[in-house]
Amino acid sequence: MSRGGSPAAARVSALPVTCCMLWISSFRHVFRNILCHVPLKSDSQNKYGLHMRKVNVSTLLSKMEENKASNLSVKRPCPDHGEDQCEQEHHKKTKLSEPSASNPSTFCKHTESIESGLQAVSSSQDENNGKSIVEEADAVLQEDKEGDGDSFADMMKHGLVEQDVGITKFVSIHEGFSGILKERYSDFVVHEINKEGKVVVLDDLSVPNDDNEEPSEDIFSVLSSQDKERLEDLQLFKNKEDSVMIEVVEDTKEKRTVIHQAVKSLFPGLETKTEEREGKKFIIAYHAAGRTALANPRKHSWPKNRGSYCHFVLYKENKDTMDAINVLSKFLRVKPNIFSYMGTKDKRAITVQEIAVVKITAQRLSHLNKCLMNFRLGNFSYKKYPLKLGELQGNHFTVVLRNITGSDLQIEHAMTSLRDIGFINYYGMQRFGTTAVPTYHVGKAILQNNWSEVIDLILKPRPGAERGYLVKCREEWAKTKDPEAALRKLPVKRCVEGQLLRGLAKYGMKNFVSAFAMIPRNNRLMYIHSYQSYVWNNIVSKRINEYGLKAMPGDLVLKGGTAVPIQGSDKEKYTIHDVVLPLPGFDVIYPEHKIGNAYEEMMAADGLNINNMRHKIRDYSLSGAYRKIIIHPQNVTWEILGYDDKKIPLVQTDVEKLEGVPLPKTSKDGNFKALKMAFSLPPSTYATMAIREVLKMDTSIKNQTQLNTVWLR
């Protein structure tokens, strides 16, 4: 990762997602607390004496992962031995879309939250956690020295493939071909489509004229070099003090104001206040985030004629939305809940989306561009309203598939089919976990009210890609059923397994429900939504297999948000693009043909009554929703590129456009061929499923790893 400069300069070459993204997702929480801002030199020897393509996987990941939100992602390298320190946002339920469908483009988003065993709890809990994260990092590093035994590819033999989760059909008839998705995270660029239908872009870094907080350049001279050094240490949590005192030598209100401005302009994230001690005036600078010993930040006045919400465009690289919000809130010394947005975006991608924040000036936000890496904020405006989840109309994707094997004619047929017909609206593989215990198994046990099975599924030993300490924790649990003994084997306790074991230690072995509730709510709900998605995928495959790509009597369509069955006389009025299928729940209807019966049969085989989806615990009651079975992408374009250097960028980002950085020249005569495609999708759909339709290729991590193990040699 770059030591500084723009996000564009910080982009690095990475292993193909098909080989390593699961590993990154599964262990992201630990590794991003080990080494921060270590430059990764692709195909050249770095300071660790390792070449990228020959590096041990666990060591490589410790360099690939960018710093966690609480580490502040500053544009400053950490010392070699320096110490450092998300809850997935759940979409509200509606009848028209599945409430917690992830943003449609990465292979492991929900895996990060559930099956990885490394899901962080809320930032407030992080702040109150007295145990040093460095101890956890040391445990992981020690394990790396000892080695993990099985290769990554061997461990992935136990993962899921598409057929396991009902993904079996295609709508196109072209011949498939292979390609590598997300070889670099910059090969996957997402731009939000706002509620007005406009693609959100970052193209203006200026601050609105009515924002009068801009300090003059000469105010920075009021701080001595020693003051600046102490303030920088305070900003980066490097000193042991809670505050820094700056004596006001020439005490006037104007002089104090200038010092206040200088501190907050040079060191975003610090708050200041004036105190009198022994007859002298001092400016006290402190980091408000988590510092309960200090007074709350003073409230700033807000112009009455200015909207209460500052809207801005957030450009981010290789970080998911919640982590990004946590970073911004840390620097601005505010709580994350004052931010609002229309949808969450992928981690392993470059994404651009609109954010709104309450009563934070554009000037303060703009200052973050000076100290945050892999972020850029711009297009500021003041409005009277926040943003709401689900308000977006969709996302526009620009995707590069590298090293493709298809002929130009094959590619033409594939992309034409995607443009004219679309793809089956399956839930992607990231919905179902990655180990030998799929998340939908846990969801099924929750709906069955079988709590001993829920606990066992989460904690029992299993083959697959897991860290050694987690394996030891599971083995201890299987042997002793002692939650405290199992916890002692687990250095990373802020994970699903750790939270559950803490709950069992707190509430005892006879109160599984309360123990399970120690896991963050959104993570718990993802289990049951995973089961809903599993049922839906299997049913839509049966529907396509039984009736093909025509609307049939008994199919469901939406009229004014209400699902109604197609009558025989109305059959010609509808196409396959109008047909929806329900996610099982207590407030939906089912198709009036054999597919309706298929729901009942499938769930009965799982011991569930489709006519009784209300759970004894309200959180786990499913009302259901409707989902279109075929998605027709909009604004589909494509281009075939030739290239020789595997590391060159093939998509020009918004930041590169702002900085006037041109794309490297490509040639159709290059040694490698890439397919660059762009398309727009509605919310709650998976871009990976669109790409699957183009390639006619299994998108599971298990399959992709086997195809690309050469990258791990």
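All values reported here derive from a predicted model rather than from experimental measurement. Atoms considered below: every heavy atom in the structure, side chains included; atoms not considered: hydrogens, waters and symmetry mates.
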*Can you tell me how far the CG atom of Leu501 sits from the SG atom of Cys495, to the nearest 0.5 Å?*
8.0 Å

*asked:* Can you classify the ring geometry of His311 versus Tyr309 as parallel (below 30°), tilted (30 to 60°) or perpendicular (above 60°)?
replied: perpendicular

_For Tyr440 against Ser530, the heavy-atom pair lying closest together_ = N-OG, 3.2 Å

*Output yes when a side-chain donor or acceptor of Ser541 lies under 3.5 Å from a complementary backbone atom of Gly166, and no otherwise.*
yes

_CA sep, side-chain torsions, deciding dist, call: Leu681, Ile631, side-chain contact (heavy atoms from CB on, under 4.5 Å)_ = CA-CA 8 Å; Leu681 296 178; Ile631 291 296; 3.9 Å; yes

*asked:* Closer than 3.5 angstrom, by distance alone: can the side chain of Thr351 be matched with the main-chain N or O of Val190 as a donor-acceptor pair?
replied: no

_I'd like to know if Arg692 and Glu162 make a salt bridge, using a cut-off of under 4.0 Å between side-chain N and carboxylate O._
yes

*CZ/Phe339 to CG/Leu332 distance, rounded to the nearest 0.5 angstrom?*
5.0 Å

*Relative to each other, are the rings of Tyr427 and Trp536 parallel, tilted or perpendicular (30° and 60° limits)?*
perpendicular

*asked:* Is there a side-chain contact between Tyr626 and Ile589 in this structure, where contact means two heavy atoms from C-beta onward sitting under 4.5 Å apart?
replied: yes

*asked:* Determine whether a donor-acceptor pair (N or O, by modelled atom type, separation under 3.5 Å) exists between the side chain of Ser621 and the backbone of Arg614.
replied: no

*Check whether any side-chain heavy atom of Val535 lies under 4.5 Å from a side-chain heavy atom of Met602, and answer yes or no.*
yes

*Between Arg502 and Leu487, is there a donor-acceptor pair closer than 3.5 Å when you use the side chain of the first and the backbone of the second?*
no

_Leu457 side chain near Lys460 side chain, heavy-atom distance below 4.5 Å_ = yes

*For Ile458, does its backbone N or O pair with a side-chain atom of Arg462 as donor and acceptor, under 3.5 Å?*
yes

*Once you round to the nearest 0.5 Å, how far does OH of Tyr599 lie from CG of Asn611?*
13.5 Å

_Just verifying a value: how many Å separate Leu314 CG and Lys345 NZ, rounded to the nearest 0.5 Å?_
10.0 Å

*Take Val579 and Tyr574 through the test side-chain contact (heavy atoms from CB on, under 4.5 Å) and record every step on the way to the result.*
CA-CA 8 Å; Val579 177; Tyr574 302 101; 5.8 Å; no

*Going through the distances and angles, do Leu470 and Leu490 end up as a side-chain contact (heavy atoms from CB on, under 4.5 Å)?*
CA-CA 6 Å; Leu470 195 52; Leu490 191 64; 3.7 Å; yes

*asked:* Going by the rule side chain to side chain contact (heavy atoms under 4.5 Å, CB included), which residues pair with Phe512 if we only count those two or more places apart in sequence or in a different chain?
replied: Trp451, Ser452, Ile455, Leu504, Met509

_Cation-pi geometry met for Arg431 and Tyr686 (6.0 Å, 45°)_ = no

*Return yes when atom NZ of Lys481 has more than 12 non-hydrogen atoms of other residues, nucleotides or ligands closer than 6.0 Å, and no otherwise.*
yes

*All side chain to side chain donor-acceptor pair (under 3.5 Å) counterparts of Ser340, not counting sequence neighbours*: none

*Has the side chain of Gln353 got a donor or acceptor atom that lies under 3.5 Å from a matching backbone atom of Gly343?*
yes

*Before accepting this row, confirm whether a basic side-chain N of the pair Arg474/Glu497 lies closer than 4.0 Å to the acidic partner's carboxylate O.*
yes

*Taking every non-hydrogen atom, the tightest pair across Asp619 and Leu525*: O-CD2, 3.3 Å

_Quick check: closest heavy atoms across Phe188 and Ile691, and the distance to 0.1 Å?_
CE1-CD1, 4.2 Å

*Are Asn449 and His615 close enough that some pair of their side-chain heavy atoms sits under 4.5 Å apart?*
yes

*Which residues satisfy the side chain to side chain donor-acceptor pair (under 3.5 Å) test with Lys169, sequence neighbours excluded?*
Asn545

*How far does OG1 of Thr439 sit from CG of Asn523, to the nearest 0.5 angstrom?*
11.5 Å

_Member of Asp555, Ile576, Asp578 meeting the side-chain contact (heavy atoms from CB on, under 4.5 Å) criterion with Ile629_ = Ile576

*Is atom CD of Glu600 surrounded by more than 12 heavy atoms (other residues, nucleotides or ligands) closer than 6.0 Å?*
no

*Heavy atoms only: give me the nearest Ile446-Arg524 pair and the separation to one decimal.*
CD1-O, 4.3 Å

_One thing to verify: whether Asp323 and Lys347 come together as a salt bridge, which I'm taking to mean a side-chain N less than 4.0 angstrom from a carboxylate O._
no

*Could you tell me whether the side chain of Met613 reaches within less than 4.5 Å of the side chain of Met603, counting heavy atoms only?*
yes

*How far does CG of Asp482 sit from NZ of Lys489, to the nearest 0.5 angstrom?*
11.5 Å

*Lys506 versus Ser514: any side-chain heavy-atom pair under 4.5 Å?*
no

*Please report the closest heavy-atom contact between Pro591 and Leu556, naming both atoms and the distance.*
N-CD1, 3.9 Å

_Is it the case that the side chain of Glu192 and the backbone of Asn395 share a donor-acceptor pair, with hydrogens and angles ignored and the cut-off at 3.5 Å?_
no

_Please verify the inter-ring angle class for Tyr534 with Phe432; under 30° counts as parallel, over 60° as perpendicular, anything in between as tilted._
perpendicular

*Would you check if Ile595 and Ile539 make a side-chain contact, meaning some heavy-atom pair closer than 4.5 Å?*
yes

*Side chain proximity check, Ile528 to Leu447, heavy atoms < 4.5 angstrom*: yes

*side-chain contact (heavy atoms from CB on, under 4.5 Å) between Lys628 and Leu558, worked out*: CA-CA 9 Å; Lys628 286 194 171 186; Leu558 294 174; 5.8 Å; no

*Is Ser533 reaching over with its side chain to a backbone N or O of His529, donor-acceptor style, under 3.5 angstrom?*
yes

*Which atom pair, heavy atoms only, marks the closest approach of Ala551 to Ile566?*
CB-CD1, 4.0 Å

*Taking Gln448 for its side chain and Asp606 for its backbone only, find out whether a donor-acceptor pair lies under 3.5 Å.*
yes

